[in-house]
Amino acid sequence: MAQPQLSGETTEFTVLATAGQSVAAAEQAIRNAGGTVLHSNSAVGLITASAPANGFTERVSADRAIYGAAKATSIGRAPKDRATAKPDAVTKERGAVKKKAPAAAGTDPLDGQLWGLKSTRSDLARTVQPGDKRVKVGVIDTGIDGSHPDIAPNFDAADSRNFTRDIPADETGAVVDGPCEYRGCVDPADHDDNGHGTHVAGTIAAAANGFGVSGVAPGVTLVNLRAGQDSGFFFLQPTVDALTYAGDAGIDVVNMSFYVDPWLYNCANNPADTQAERLEQRTITEAVTRALNYAYRKGVTEVAALGNEHTDLGSPQPDATSPDYPAGSTHDRTIDNAGCLSMPVEGPHTIGVGSFGPSGAKADYSNYGTEQISVSAPGGYFRDGFGTDWYRTNENEILSAYPKNVGIAEGNIDAAGNVTPDGVAIGVQKATAPDGRVGYYQFLQGTSMATPHATGVAALIVSQYGKASRGGFGLNPDAVQRVIEGTAAPIACPVPRTVDYLDEGRDASFTATCAGTPEFNGFYGNGAVDAYAAVTHGAPYVRG
C-alpha cells in the first residue's frame with residue numbers, strides 16, 4: 001500500500017512510542033515518516049515532532065514502534081473559575097529516635113477571611129506541624145508568581161521549571177497567549193500571566209509571615225512545574241514532562257487543578273468522533289497514564305481536581321463542548337462511561353477532590369459520584385446560603401494570592417497599584433507591609449480551589465510521618481492517601497438526597513443525587529479533609 005503523501009504547512013505533533021519499544025525506534029519511525037524529532041521524554045516515550053500537516057499521522061502510526069500520534073493540541077485547561085462557575089458575578093516516626101518538635105506557626109492578618117483554613121483545621125494543625133521545608137509541593141499549573149510576598153519565603157526557584165513556551169497565535173491566526181512578554185517567548189520559572197497557578201500555590205503554602213494570608217501548609221516548599229499556557233491551555237508534552245520531572249526531582253506532592261482539553265472526556269471509540277480524533281484521545285489517555293504511573297513509582301502523591309461540570313463522573317452527561325480547541329470544532333457526543341476518561345482525575349493513583357461551600361453544602365458546579373471522589377474540601381460556592389445575607393457574596397469563595405501583572409491586565413489593579421472599582425466589586429484586596437512590600441489577593445471558586453486545600457493536607461502528612469533516606473525525604477503515596485482519607489471528617493448525604501439548586505438560579509442539569517453512606521458517598525467521598533486530625537491521628541493509617 002502506498003504511503004499517504006505529505007502536504008501542508010509544517011506542524012507540531014505528539015507521538016507516543018508503543019509500550020516495550022525504545023524511544024530510539026520511535027524516533028526513527030518519525031524520521032522514516034518524513035518528520036523531525038524536536039523533543040523526547042524517554043520516561044514515557046512521548047515525542048514532539050514536526051512534519052507537514054497532512055499525511056504524517058497516517059504514515060507514522062503505521063509503524064509498530066508507534067502507539068499513536070496527534071497534532072499538538074491542548075490536553076488541559078485551568079478552569080476559568082470565576083467565568084464558568086460564577087458567570088453572574090463579576091514529625092516523623094523513626095522507632096525510638098526522638099525528633100525535635102517543629103516550631104508552631106501563627107496566622108496572618110487576612111486569615112480571618114479564609115473560612116477554608118478553619119474548615120481544614122489548618123489553624124490548629126500548624127501548632128503541631130506547620131510543614132517541613134524538606135517537603136516539596138509541585139504545582140502543575142499556569143505558573144507561580146515567585147515574587148509575591150506570601151509566596152517568596154517558600155518558593156524554590158532552583159527546582160522550578162517552565163515546560164511551556166508562549167504561543168502568540170495558532171496556525172489559523174487565532175490568538176492563544178497573546179504577545180510574548182520575554183525574549184524567546186519563554187517566561188521565567190517564577191512568573192504567572194494567568195493567575196490560576198499563583199492562587200492555587202497560595203492556598204497550599206502561603207507563608208505564615210505576619211503578612212497577607214497563610215496557606216494550609218505554611219512551612220513546606222513550593223515548586224513551580226508549569227505546564228499551562230498563559231491562556232490556560234495545557235499541551236500534552238509539557239504536562240507529561242512536568243509529571244515525569246516531579247518524579248525525577250524528588251517532588252513529594254503534586255497539585256493538578258486542571259482538566260483535559262481539547263476533549264472533556266477522552267474516548268477510545270466514540271462513534272461521533274473521526275478515526276483521527278479517536279487516535280488522538282487514545283494517545284492522550286495512554287501518555288498521561290504512563291506519566292502518572294511514573295511519578296507514583298518515584299514517590300509522588302498526585303492530587304487532582306474532580307472538575308466543574310456538575311456531573312456524576314460515574315454517569316456523565318452528554319458532552320457538547322469537545323473538542324474545544326481549535327475554536328469551532330465542537331460536536332455533540334454521548335459519553336460511554338466505560339470507554340471514556342476525564343484526565344488526570346480518572347487516571348491511576350490520583351486523589352480526586354470535590355468541592356463544598358462555607359455551609360458544607362456541595363458546590364453547585366462540583367463534579368461528584370462514588371466512582372472517582374476520594375475526599376472533599378473547601379472550594380468556594382458563591383450561591384451558598386440561599387435566603388441569608390451571605391448568599392451571592394465574594395466571601396463565600398476562596399481568597400488567595402493574585403499576581404499584580406494579572407490584576408493590571410484584567411483591569412482590577414491600576415498602573416499605580418491601586419485596586420480599581422471593578423476589582424473592589426469582586427473582592428480584590430491589597431496588603432502593604434511596613435517595609436513597603438505589597439501583595440494582592442483575589443476570590444475564586446472551583447474544584448481548582450478545593451484541590452490545593454487537600455494538597456496542603458497531603459504535604460502536612462508527609463511532613464509529619466515522612467522519613468529520610470538516601471534518596472531524600474518522603475512518604476509512600478499510598479500511605480499519604482490512607483491518612484488523608486482515613487482522617488477526613490465524614491459528612492452524610494443531605495436530606496433529601498437529591499438537590500436541585502433551582503432556588504440558586506441553576507437549571508435542571510445541576511440537579512444531583514448523593515449516593516452512599518455517611519462514611520463514604522458521592523458528594524463528599526471519605527469526608528472533608530482535616531489537617532489537624534491528619535497530623536495528630538494519622539499514624540495508624542501510615543502503617544496500613
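For clarity, every value in this text was computed on a predicted model and none was experimentally measured.
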TODO: Go through the steps for Asn209 and Asp108 under the test side-chain contact (heavy atoms from CB on, under 4.5 Å), then give the verdict.
DONE: CA-CA 7 Å; Asn209 56 354; Asp108 285 349; 3.2 Å; yes
Partner set under side chain to side chain donor-acceptor pair (under 3.5 Å) for [X], not counting sequence neighbours:
| X | answer |
| --- | --- |
| Tyr501 | none |
| Thr350 | none |
| Ser322 | Asp319 |

At what distance, to the nearest 0.5 angstrom, does [atom1] of [X] lie from [atom2] of [Y]?
| X | Y | atom1 | atom2 | value |
| --- | --- | --- | --- | --- |
| Asn405 | Asn194 | CG | CG | 10.5 Å |
| His196 | Leu444 | NE2 | CG | 7.5 Å |
| Tyr532 | Asp530 | OH | CG | 9.5 Å |
| Leu117 | Leu110 | CG | CG | 11.5 Å |
| Ser400 | His453 | OG | NE2 | 8.5 Å |
| Ser342 | Asn266 | OG | CG | 8.0 Å |

So does [Y] get a backbone contact from the side chain of [X], meaning a donor-acceptor N/O pair under 3.5 Å?
| X | Y | value |
| --- | --- | --- |
| Tyr524 | Gly360 | yes |
| Thr447 | Gly307 | yes |
| Asn154 | Ile151 | no |
| Asn396 | Phe382 | yes |
| His310 | Ser366 | no |
| Asp177 | Asp230 | yes |
| Arg226 | Gly228 | yes |
| Thr420 | Gly411 | yes |
| Thr244 | Asp241 | yes |
| Ser119 | Trp115 | no |

Does [X] come within less than 4.0 Å of [Y], counting only side-chain N to carboxylate O?
| X | Y | value |
| --- | --- | --- |
| Asp159 | Lys136 | yes |
| Glu397 | Arg392 | no |
| Glu286 | Arg282 | no |
| Asp123 | Lys118 | no |
| Asp364 | Arg506 | yes |

[Y] side chain reached by [X] side chain, heavy atoms, under 4.5 Å:
| X | Y | result |
| --- | --- | --- |
| Asp166 | Asp187 | yes |
| Trp390 | Glu395 | no |
| Glu309 | Leu264 | yes |
| His199 | Val406 | no |
| His331 | Pro323 | yes |
| Leu306 | Gln372 | yes |
| Ile140 | Leu243 | yes |

Looking at [X] and [Y], what are the two nearest heavy atoms and their distance?
| X | Y | result |
| --- | --- | --- |
| Pro477 | Val300 | CG-O, 3.5 Å |
| Glu280 | Ala70 | CG-CB, 3.5 Å |
| Ala454 | Val375 | CB-CG2, 4.5 Å |

TODO: Tell me, with the steps shown, if Leu292 and Met256 meet side-chain contact (heavy atoms from CB on, under 4.5 Å).
DONE: CA-CA 11 Å; Leu292 291 168; Met256 299 182 291; 3.9 Å; yes
Open item on the list: With side-chain contact (heavy atoms from CB on, under 4.5 Å) as the test, pick out the partner of Ile204 among Asn255, Thr451, Val216.
Closed with: Asn255
Open item on the list: Which residue in the set Val220, Ile461, Leu460 passes side-chain contact (heavy atoms from CB on, under 4.5 Å) when paired with Val135?
Closed with: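 Exactly one candidate clears the test, Val220.
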- [ ] Start with the C-alpha distance between Gln317 and Thr311, add both sets of side-chain angles, then the distance that settles side-chain contact (heavy atoms from CB on, under 4.5 Å), and finish with yes or no.
- [x] CA-CA 6 Å; Gln317 298 176 19; Thr311 193; 3.4 Å; yes
Regarding [X] and [Y], do their side chains bring together a donor and an acceptor under 3.5 Å, going by distance alone?
| X | Y | result |
| --- | --- | --- |
| Thr221 | Asp156 | no |
| Tyr402 | Asp145 | no |
| Gln481 | Glu485 | yes |
| His191 | Asp193 | yes |
| Asn337 | Glu371 | yes |

All ring pair (Phe, Tyr, Trp, His ring centres under 6.0 Å) counterparts of [X], not counting sequence neighbours:
| X | result |
| --- | --- |
| Tyr440 | none |
| Tyr381 | none |
| Phe13 | Phe56 |

- [ ] Assert yes or no for the condition that the ring centre distance of His148 to Tyr441 is strictly below 6.0 Å.
- [x]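 Yes, they do, as the ring centres are separated by less than 6.0 Å.
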TODO: Determine, step by step, whether Gln237 and Thr48 satisfy the side chain to side chain donor-acceptor pair (under 3.5 Å) criterion, reporting the C-alpha distance in whole Å, the side-chain angles of both residues, the deciding distance to 0.1 Å, and the verdict.
DONE: CA-CA 7 Å; Gln237 189 84 54; Thr48 295; 2.6 Å; yes
Open item on the list: Between Glu504 and Phe510, does the side-chain contact (heavy atoms from CB on, under 4.5 Å) criterion hold? Intermediate values first, please.
Closed with: CA-CA 10 Å; Glu504 290 79 7; Phe510 283 79; over 6 Å; no
Task: Test applied, side-chain hydrogen bond (donor to acceptor under 3.5 Å, both in side chains); reference residue, Ser214; option that passes from Asp111, Thr203, Asp150 - done: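 So, applying the side-chain hydrogen bond (donor to acceptor under 3.5 Å, both in side chains) to Ser214 and each of Asp111, Thr203, Asp150, only Asp111 qualifies.
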